[in-house]
Amino acid sequence: MLRFQVKKHWMPDPLGYGIAFDRGLPSIRLMIPDRQAHKRPILYVVTGPTAVGKTELTLDWAAANNAEILSCDSLLFYQGMDIGTAKPTPKERERIAHHGIDLVPASDSFNVARYVEMAKTAIDDMHSRGKNVLITGGSGFYIKAFFAPVVDPLSIPESVENEVDELYDCKGLVGVVEKLRQVSPQDTDRIDLQNPRRTIPALKRCLASGMSITQLQARLRDAPQPFATYPKAGVLLLRDRDALRNRIASRTRAMLRDGLVDEVRKLRAQDFEHNPSACGSIGYREVIAMLDGKCAPEQMEATITRHTDQLVSKQLKWFRTQLPMLQPLQLDDPGVATNPLAALAKAFAIGVIE
RNA sequence: GGCUGGAUAGCUCAGUUGGUAGAGCAGAGGACUGAAAAUCCUUGUGUCCCCGGUUCAAAUCCGGGUCUAGCCA
């Protein structure tokens, strides 16, 4: 038999459901007068450059806050890419349930649109089980999806896909740009015409929608944000560059010691080279080059480390220019280093975005 | 010790018949609609190893020196 009781003093209700748990007995909040009433629970988001220490801190936070983790990393979807991506270990995943990891074979490519759909499902699932949601990872474009629309809901017909791909194969970038000028005259300055990764999809979207680039851009800007109904608390973890460099160097060494080369051999046998995002990622591409004799084995570790350092620069630029709403948390600060969990809680409190 | 190369941007190197230098990488900044650990754009004054010579003019030709790589003793 369930016993309900009305609490005299309401504890903060992290899920916003109006149900707070007290010694295992559910209590019902009869009326919910505050403005949070119709709001859904907060999505807690933690990002930061690679090797900053996201995994350790977020696992502790999740354990202390009845949360599960939704990965926001563009490589952790891929099965078998464990060592080189610093994927949470089986032990860590046993401690805290993770979502968004090992979703597809490494030979299949995933993308941000599929990620958003997966994330919606995972979030609903966690909430339905009374869990808090902690989103963490270093893929800036994917993190942005929690704060702004990042993809058009448009579906592109196969015929359009083929038409544009063929055009690019035959006439190259010039052909694509020429067609783009016909389809969307006057506003081709709104797109990087020298970048095939921008022009090809843009042309596909124009052809599929019948709209110009300007119209499509305006529509995306005004599109409903996929997680609009949730308040978000976003924190950006940071460290001094030198500290980060040292952590990266020792992590790279550890990856090689732990069998990164064997991991690459296995993945190659599973055709992961069909997926450019997978086989071109840092750690993997350098090992492939070494195995193919294109890179001296004694150079490999230093190359991986350097490329990872470059990734940090790129990530920091993205965070700076695209995600200014995040609350920065400098992990090297003495006050933070002594109690990072408390510092994170504080940063979340400051960083709530309705 | 002898012979032959080499010495130019932080690194690897181009530099045409002499007209005071430019690529790639690295670094810095920027962009970003289904590959984002991806992709693209912008950004280059440096004792051209040193000293002397030839010349209107030398990174470039000549002589000497220093360092360096390889070969021969």
Charged N to carboxylate O under 4.0 angstrom, [X] versus [Y]?
| X | Y | answer |
| --- | --- | --- |
| Asp125(A) | Arg129(A) | yes |
| Glu117(A) | Arg114(A) | no |
| Asp240(A) | Arg247(A) | no |
| Arg306(A) | Asp309(A) | no |
| Arg198(A) | Asp192(A) | no |

Secondary-structure string, 5' to 3', Watson-Crick or G-U under 3.5 Å, | for another-strand partners, for RNA chain B: (((((((..((((.....[..)))).(((((.......))))).....(((((..]....)))))))))))).
Syn or anti for rG34(B), given that syn means the glycosidic angle lies within 90° of 0? syn
Is the ring pair [X]/[Y] parallel, tilted or perpendicular, if the boundaries are 30 and 60 degrees?
| X | Y | value |
| --- | --- | --- |
| Phe272(A) | Tyr284(A) | perpendicular |
| Trp61(A) | Phe348(A) | perpendicular |
| Trp318(A) | Phe141(A) | perpendicular |

For [N] versus [M], give the span between their [atom1] atoms, rounded off to a whole number of Å.
| N | M | atom1 | result |
| --- | --- | --- | --- |
| rC62(B) | rG19(B) | P | 15 Å |
| rC51(B) | rC56(B) | P | 22 Å |
| rA14(B) | rU33(B) | P | 40 Å |
| rG18(B) | rG65(B) | P | 26 Å |
| rU8(B) | rG46(B) | P | 15 Å |
| rA36(B) | rC25(B) | C1' | 23 Å |
| rC50(B) | rA58(B) | C1' | 15 Å |

Using a cut-off of strictly less than 4.0 Å, decide whether [X] has a side-chain nitrogen or oxygen near OP1 or OP2 of [N].
| X | N | value |
| --- | --- | --- |
| Gln310(A) | rA37(B) | no |
| Tyr142(A) | rA36(B) | yes |
| Ser277(A) | rA38(B) | no |
| Ser139(A) | rA37(B) | yes |

Contact list (N/O, under 3.5 angstrom) for nucleotides 32-34 of chain B vs protein:
unit_1  : atom_1 : unit_2    : atom_2 : d
rC32(B) : O3'    : Arg198(A) : NE     : 3.4
rU33(B) : OP1    : Arg198(A) : NE     : 2.5
rU33(B) : O4'    : Val150(A) : O      : 3.1
rU33(B) : O2'    : Arg205(A) : NH1    : 2.1
rU33(B) : O2'    : Arg205(A) : NH2    : 3.2
rU33(B) : O2     : Asp152(A) : N      : 2.9
rU33(B) : N3     : Asp152(A) : OD2    : 2.9
rU33(B) : O4     : Leu216(A) : O      : 2.4
rU33(B) : O4     : Gln217(A) : N      : 3.1
rG34(B) : OP2    : Arg205(A) : NH1    : 3.1
rG34(B) : O6     : Asp152(A) : O      : 2.7
rG34(B) : O6     : Leu154(A) : O      : 2.5
rG34(B) : N1     : Asp152(A) : O      : 3.0

Quick one: on RNA chain B, does Arg241(A) or Lys314(A) contact a more 5' nucleotide (nearest heavy atom)? Arg241(A)
Would you classify Thr50(A) as touching base, sugar-phosphate or nothing, given that sugar-phosphate means primed atoms plus P, OP1 and OP2, and contacts are heavy atoms under 4.0 Å? nothing
So what does Gly137(A) hit on the nucleic acid, given a heavy-atom distance under 4.0 Å: a base, only sugar-phosphate, or nothing? nothing
Please check if the side chain of Thr305(A) supplies one atom and the backbone of Ala249(A) the other of a donor-acceptor pair under 3.5 Å. no
Do Thr199(A) and Asn195(A) make a side-chain contact, defined as non-hydrogen atoms from C-beta onward lying under 4.5 Å apart? no
